[in-house]
S.K.: 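Input: one structure, supplied below.
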Amino acid sequence: QVRLVESGGGLVQAGDSLRLSCTASGRTFGNDAMGWYRQAPGKEREFVAAIASGGTTTYVHSVKGRFTISRDNAKNTVYLQMNSLKPEDTAVYFCAADSLFTTVQLGVPGYWGQGTPVTVSS
């Protein structure tokens with residue numbers, strides 16, 4: 001069965017950095033799109049970043065310049081490097097994957113991870 005497992009979340013201070021990882025099993029995602037979403041308490045799930053199989057990336061404006069999405073196809077893993085974290089980045093972060101970049105960007109991917117919580121204190 002296909003599984004996406006996130007790791008790397010935690011409690012940090014504003015201005016700190018975290019690197020989230022999402023490793024897939026049960027399917028090879030080297031030719032697929034992968035991405036990250038987040039959901040804060042009481043809010044809708046929000047698109048954060050996505051990366052196509054060829055390396056093209058896109059980000060929500062609020063994280064551009066601070067977050068970087070990358071992938072290692074040999075490890076079937078996608079990463080989210082988060083720098084200069086702000087309290088408003090606090091959320092549960094979810095990994096997403098699909099054969100279509102569009103479905104990942106729209107929030108309707110074929111596969112979701114379980115989520116890893118990130119809390120940024122002031």
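For the single chain, residues carry numbers from 1 onward in sequence order.
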S.K.: Are the side chain of Q81 and the backbone N or O of T68 linked by a donor-acceptor pair below 3.5 Å?
M.R.: no
S.K.: Is L18 reachable from L80 through a run of I, L, V, M, F, W or Y residues, each pair having side-chain heavy atoms under 4.5 Å apart?
M.R.: yes
S.K.: So, for V48 and F67, which heavy atoms are closest and what is the spacing to 0.1 Å?
M.R.: CG1-CD2, 3.8 Å
S.K.: Is there side-chain contact between S99 and D32, with heavy atoms separated by less than 4.5 Å?
M.R.: yes
S.K.: Report the distance from atom NZ of K64 to atom OG1 of T58, rounding to the nearest 0.5 Å.
M.R.: 8.0 Å
S.K.: Do T77 and D72 meet the criterion of a side-chain donor-acceptor pair at a distance under 3.5 Å?
M.R.: no
S.K.: Just verifying a value: how many Å separate S53 OG and M34 CE, rounded to the nearest 0.5 Å?
M.R.: 11.5 Å
S.K.: Testing the basics here: between V78 and C95, what is the closest heavy-atom pair and its distance to 0.1 Å?
M.R.: CG1-SG, 3.7 Å
S.K.: Can you see which heavy atom on N76 is nearest to which on R27, and at what distance?
M.R.: ND2-O, 2.6 Å
S.K.: Report yes or no: does R71 contribute a side-chain atom to a donor-acceptor pair with the main-chain N or O of F29 at less than 3.5 Å?
M.R.: yes
S.K.: Following the transitive rule for hydrophobic clusters with a side-chain heavy-atom cut-off under 4.5 Å over Ile, Leu, Val, Met, Phe, Trp and Tyr, establish whether L85 and W36 coincide in one cluster.
M.R.: yes
S.K.: Decide yes or no for Q39 and Y93: does some side-chain heavy atom of the first lie under 4.5 Å from some side-chain heavy atom of the second?
M.R.: no
S.K.: Does atom CD (E88) have a neighbourhood of more than 12 heavy atoms from anything else shown, all under 6.0 Å?
M.R.: yes
S.K.: Are a donor atom and an acceptor atom from the side chains of Y37 and R45 found within less than 3.5 Å of each other?
M.R.: no
S.K.: Whether R19 engages the ring of Y79 as a cation-pi pair (distance to the six-membered ring centre under 6.0 angstrom, angle to the ring normal within 45°) should be assessed.
M.R.: yes
S.K.: Backbone N or O of F47 within a donor-acceptor pair of the Y59 side chain at under 3.5 Å?
M.R.: no
S.K.: Between CZ of R38 and CE of M82, what distance do you get to the nearest 0.5 Å?
M.R.: 9.0 Å
S.K.: Flag yes if I69 and L4 sit in one hydrophobic cluster, no otherwise; membership is Ile, Leu, Val, Met, Phe, Trp, Tyr, and two members link when side-chain heavy atoms are under 4.5 Å apart.
M.R.: yes
S.K.: For the backbone of S84 and the side chain of R66, can you confirm whether one donor and one acceptor N or O come within less than 3.5 Å of each other?
M.R.: yes
S.K.: Please output the side-chain donor-acceptor pairs of residues 110-122 that fall under 3.5 Å, not counting sequence neighbours, one pair per line with the distance.
M.R.:
residue: T116; atom: OG1; partner: G9; partner atom: N; Å: 3.3
residue: S121; atom: OG; partner: V12; partner atom: O; Å: 3.4
residue: S121; atom: OG; partner: Q13; partner atom: OE1; Å: 3.2

S.K.: Is there a donor-acceptor pair closer than 3.5 Å between any side-chain N or O of D98 and the backbone N or O of T103?
M.R.: no
S.K.: Hey, quick one: are V104 and V60 part of the same hydrophobic cluster, counting side-chain heavy atoms closer than 4.5 Å, chains of contacts allowed?
M.R.: no
S.K.: Could you grab the distance from atom OG of S7 to atom CG of L20, nearest 0.5 Å is fine?
M.R.: 8.0 Å
